[in-house]
Amino acid sequence: MTNINKPLQRKFFLGDTLKIARELLGKIIVKHDGKNILKGKIVETEAYIGEHDPACHAFQKFTDRSSVLYEKGGTIYVYFVYGNYFCFNIVTGKEGTGDAVLIRAVEPLEGLEIMKNRRPKAKNTRELTNGPSKFCMAFGLDGKFNRNDITGKDIYITSPAKREKFEIASSKRIGLNVGVDFPYRFFIKNNEFVTKHKFNNTI
DNA sequence: GACAAGATTAGCT
DNA sequence: GCTAATCTTGTCT
C-alpha cells in the first residue's frame, strides 16, 4: 500500500520560505534505504531566512558550511552540532538567498523496525523521531546527504494520497540564542510527534 | 595553531 | 527542570 503521489518538484522549493515551511507540514518524506523504504509525515518545521535572520547560518556570512544555503531551493543541508547530532534542512528560494527550512519532527509511517534499530534509546514510537536529530538518526541521514537534492530518487517528499485536516500552529523557534523573536516555527497542532517544549503554545 | 560556541539529546535530581 | 557530553566550524592570533 503505497498511496504516494509523485514527488514534489523543484518548483515547490523555489517559493517563499515561510510559506514552504507551512506547506511542508503533513507532507510525506520518503527515503530509499537500501532495500527498504522509510516514510514519515512532517509534523514540525522551522524557517531560517538568510537575509534578515541572525539565527540563520547564512546570515551575513558566506562560509564553507553556509555556502550550501545559497544553492537553489531543493538542495539538502545537513550539519553537525554538539559533537553528536545532525540536523536536516531543505534549502528554499532561488539561488543566492540563503534560506532554508529545518525538519524538526516527523511521524513515522513506514520502516518502523529500521528506525527502532537505529534509535535504541527510544522507549516508544514517539521518541523515534520527535526531534531534529532523532529524526536524522532514525532515517539514517548524516553528512553524506549534505548538498544532495531533495528531488532525487533516494530521498524526496510527496503529498499524502488523502488530504488530512489539521490545524497549523506557530511559535518561536527552539534552542537559539539569537533571532528568538521570530515566530518561524510551525507544527501540526495536537500531533503527539511534535517536540514537547515550553514554547509549544501558539503565538 | 588554539579557542569558544552551538538550529540537541539523554540522564540525573 | 537542569546539565554534561562531544566535536565541527568559524574566528582570532
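Numbers restart at 1 for each chain; the letters A, B, ... are given by sequence-line order, proteins then strands.
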Parallel, tilted or perpendicular, as decided by the 30° and 60° cut-offs, for the rings of Phe139(A) and Phe135(A): tilted
Length of the CG-C1' vector between Asn130(A) and dA7(B), whole Å: 16 Å
Atom-pair distance (CZ on Arg118(A); P on dT9(B)), nearest Å: 17 Å
Cation over ring face, Arg10(A) and Phe13(A), 6.0 Å, 45°: no
Of the listed nucleotides dG11(B), dT8(B), dG10(C), the one nearest the side chain of Arg104(A): dT8(B)
Asn89(A) vs dA7(B): side-chain N/O to OP1/OP2 distance below 4.0 Å: no
Which nucleotide in dA7(B), dG6(B), dA10(B) has an atom nearest any side-chain atom of Arg119(A): dA10(B)
Nearest-Å distance for atom pair CZ/P, residues Phe80(A) and dT6(C): 12 Å
Face-to-face stacking of Tyr82(A) with dT8(B), centres under 5.5 angstrom, angle under 30°: yes
Side-chain N,O (Lys123(A)) to OP1/OP2 (dA10(B)) below 4.0 Å: no
Pair partner, dT6(C) [Watson-Crick or wobble, under 3.5 Å]: none
Watson-Crick or G-U wobble partner of dA7(B), both distances under 3.5 Å: none
Residues Glu23(A) and Lys19(A) bridged, charged N to O under 4.0 Å: yes
Test salt bridge (charged side-chain N to carboxylate O under 4.0 Å, His left out) applied to Glu46(A) and Lys172(A), Arg173(A), Arg104(A), the passing residue: Arg104(A)
Nearest-Å distance for atom pair CZ/C1', residues Phe86(A) and dT6(C): 13 Å
Whole angstrom value for the distance that separates C1' of dC7(C) from OH of Tyr79(A): 14 Å
Selected nucleotide, minimal atom distance to Asn177(A) side chain, candidates dG10(C), dA10(B), dG6(B): dG6(B)
Rounded distance (Å) that lies between atom P of dA10(B) and atom CD of Glu127(A): 7 Å
Touch class at under 4.0 angstrom, heavy-atom based, for Tyr85(A) against every strand present: base
Nearest-nucleotide pick for Thr63(A), side chain only, options being dA10(B), dA7(B), dG10(C): dG10(C)
Distance, rounded to the nearest Å, where Ile174(A) contributes CD1 and dT9(B) contributes P: 9 Å
Length of the OH-P vector between Tyr48(A) and dG6(B), whole Å: 13 Å
Residue Glu127(A) excluded, over 12 heavy atoms near CD under 6.0 Å: yes
